[in-house]
Amino acid sequence: MTRRLAEVAKKVGVSEATVSRVLNDKPGVSEATRAAVLTALDVLGYERPTQLRGERARLVGLVLPELQNPIFPAFAEAVGGALSGHGFTPVLCTQTAGGVSEADYVDLLLAQQVSGVVFFGGLYAQGDAPHDHYARLAERSLPTVLLNAAIDDLGFPRVSCDDAVAVEQALGHLRQLGHRRVGLVLGPADHVPSRRKLAAAGAAAERLGLELPDDCVERALFSLEGGQAATTRLLRRGVTGVVCASDPLALGAIRAVRRAGLTVPHDVSVIGYDDSSFMTCTDPPLTTVRQPIDAMGRAVVELLVKEIGGVRVTHDELLFEPELVVRGSTAPARGRD
């Protein structure tokens with residue numbers, strides 16, 4: 001007990017007597033200090049006293065599908081920083097192949113009595129994936145926010161980048177550069193953001209006079225290898241521009257072009273999506289569609305904090321407009337040089 005008091009007191013920067021008053025539910029401690037002591041108790045892995053176990057910890061779970069794609073750490077940093085400003089401690093939950101699943105993390109977070117959960121690019125975006133763990137969150141009325149497009153009827157607040165605008169910007173840029181036959185590299189068929197991109201691409205291609213037949217739409221896992229394999233197939237069909245649903249897919253596309261003995265952007269233009277870290281440092285620097293990470297992160301936290309405070313917020317999807325960032329991986333189609 002003495003060791004626990006000392007560790008918690010050191011973590012919070014208060015006296016052991018103050019910690020003791022909080023743990024024994026005694027008066028004379030400010031709400032801010034009381035919340036800080038309880039959060040420190042949770043972070044250090046100590047069990048709360050029985051009389052305090054019914055209260056939620058000032059912890060918020062951030063559930064990410066991976067860390068290899070730099071867009072997810074970037075979103076986690078934006079959301080985590082905003083949460084800290086409201087007095088909440090973010091708990092990073094990252095899935096790994098064969099490791100802890102998204103559903104397992106939900107069970108762990110519920111056991112820790114977190115105040116809320118934010119999901120980034122999770123199973124909620126895949127129509128054929130299991131979704132039972134989201135129902136458990138709804139049953140517990142645990143404040144939850146989803147980042148980027150989700151399947152219908154989950155009933156949580158959503159903050160998304162506008163996939164339709166993103167693909168329209170990319171295709172419009174290629175058309176201005178004189179490209180006529182383009183290809184798309186998207187995620188799996190049940191992936192909601194990819195579905196939205198495909199629907200918008202069909203309408204935009206018709207309006208712009210672009211050739212986008214069915215065989216110029218490829219599906220891939222969100223990885224460099226997936227982008228390379230998909231683009232290799234597109235190159236056989238004579239595309240001169242490739243629009244990808246993520247930056248790692250676009251980097252794989254560039255590799256495929258080079259393996260085919262061609263160059264980017266002189267022979268084939270490539271556009272990514274996200275504008276994640278180091279895309280200015282690639283060779284060539286990647287033209288991509290930028291998600292407004294900071295603005296979206298702040299919106300996520302604003303929704304979550306209000307729900308934690310008992311304020312009903314809109315469950316309509318909040319759409320943020322992306323921005324096309326033109327760099328060195330796109331150029332005029334041959335014949336317009």
Side-chain angles (χ1 to χ4, degrees), residues 59-86 88-95 101-103 105-106 109 114-127 129 131 133-134 137-138 142-166 187-188 190-197 222 245-248 272-277 288-308 313-323:
L59 303 175
V60 172
L62 308 185
V63 185
L64 284 68
E66 58 166 311
L67 290 178
Q68 289 184 331
N69 185 339
I71 192 63
F72 294 121
F75 268 125
E77 182 178 11
V79 171
L83 283 170
S84 298
H86 287 277
F88 291 93
T89 300
V91 179
L92 198 63
C93 304
T94 307
Q95 300 167 64
S101 69
E102 191 173 274
Y105 274 127
V106 167
L109 293 169
V114 296
S115 294
V117 184
V118 178
F119 288 90
F120 306 75
L123 296 178
Y124 58 83
Q126 296 173 236
H131 301 117
H133 51 294
Y134 298 114
L137 293 171
L142 186 68
T144 301
V145 180
L146 310 179
L147 188 59
N148 278 326
I151 63 169
D152 293 330
D153 303 324
L154 283 181
F156 298 121
R158 292 160 292 160
V159 174
S160 302
C161 189
D162 195 323
D163 293 294
V165 172
D190 69 332
H191 184 244
V192 177
S194 292
R195 286 180 180 175
R196 292 182 175 184
K197 288 182 173 70
F222 284 96
S246 75
D247 289 340
Y273 177 75
D274 285 336
D275 194 28
S276 44
S277 300
T288 187
V289 180
R290 175 184 294 160
Q291 293 199 64
I293 294 171
D294 290 336
M296 291 172 68
R298 288 193 299 271
V300 165
V301 173
E302 182 179 348
L303 291 170
L304 189 72
V305 169
K306 283 184 177 178
E307 287 233 321
I308 291 171
V313 302
T314 179
H315 283 208
D316 294 334
E317 185 176 27
L318 301 182
L319 287 177
F320 283 72
E321 186 152 335
E323 175 190 0

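FYI, side chains are in, hydrogens and waters are out, and symmetry mates aren't considered; it's all heavy atoms of this structure.
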Scan the side chains in residues 60-69 for donor-acceptor partners under 3.5 Å anywhere in the protein, sequence neighbours excluded, and list what turns up.
from	atom 1	to	atom 2	distance (Å)
E66	OE1	N69	N	3.2
N69	OD1	I71	N	3.2

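- Under the 4.5 Å side-chain criterion, counting only non-hydrogen atoms from C-beta, P157 is not in contact with T314.
- Minimum heavy-atom separation, S194 to G187: OG-N, 2.9 Å.
- The two residues A78 and I293 have their closest heavy-atom pair at CB-CG2, 3.9 Å.
- Going from atom CD1 of I151 over to atom NE2 of H131 covers 3.5 Å, rounded to the nearest 0.5 Å.
- A distance of 11.5 Å separates CG of D162 from CZ of F320, quoted to the nearest 0.5 Å.
- Side-chain atoms of E102 do not come within 3.5 Å of backbone N or O of G122 as any donor-acceptor pair.
- Using a 4.5 Å heavy-atom threshold, the side chains of E307 and H315 count as touching.
- Between Y124 and R158 the shortest side-chain heavy-atom distance does not fall below 4.5 Å.
- Two residues are said to be in side-chain contact when any heavy atoms from C-beta on lie closer than 4.5 Å; L304 and H86 fail this criterion.
- One distance of note links OH of Y134 with CG of D153; it measures 14.5 Å at 0.5 Å rounding.
- In this view, T94 satisfies the side-chain hydrogen bond (donor to acceptor under 3.5 Å, both in side chains) rule with no residue, not counting sequence neighbours.
- In this structure T144 satisfies the side-chain hydrogen bond (donor to acceptor under 3.5 Å, both in side chains) test with no other residue, sequence neighbours excluded.
- Between F156 and the choices L303, L137, V117, V145, the side-chain contact (heavy atoms from CB on, under 4.5 Å) rule is met once, by L137.
- Taking D275 as the reference, R290, R327 meet the side-chain hydrogen bond (donor to acceptor under 3.5 Å, both in side chains) condition, with sequence neighbours excluded.
- You'll find the side chain of P188 stays beyond 4.5 Å of the side chain of Q126, heavy atoms only.
- Between the OH atom of Y105 and the CZ atom of F119 there is a distance of 12.0 Å, given to the nearest 0.5 Å.
- A pairwise comparison of heavy atoms in V301 and A82 identifies CG2-CB, 3.5 Å as the closest pair.
- Nearest heavy-atom pair across A125 and P193 is CB-CD, 4.1 Å.
- Contact between A150 and V192 at its shortest, heavy atoms only, is O-CG1, 3.8 Å.
- Within the 4.5 Å cutoff, the side chain of P292 has heavy atoms near those of the C161 side chain.
- The CD atom of Q291 lies 7.5 Å from the CG atom of L147; values are rounded to the nearest 0.5 Å.
- For E317, the salt bridge (charged side-chain N to carboxylate O under 4.0 Å, His left out) test picks out R196, with sequence neighbours left out.
- Annotation for V79 and G297: closest pair CG2-CA, 3.8 Å, computed over non-hydrogen atoms.
- By the ring pair (Phe, Tyr, Trp, His ring centres under 6.0 Å) test, H133 pairs with no residue at all, sequence neighbours left out.
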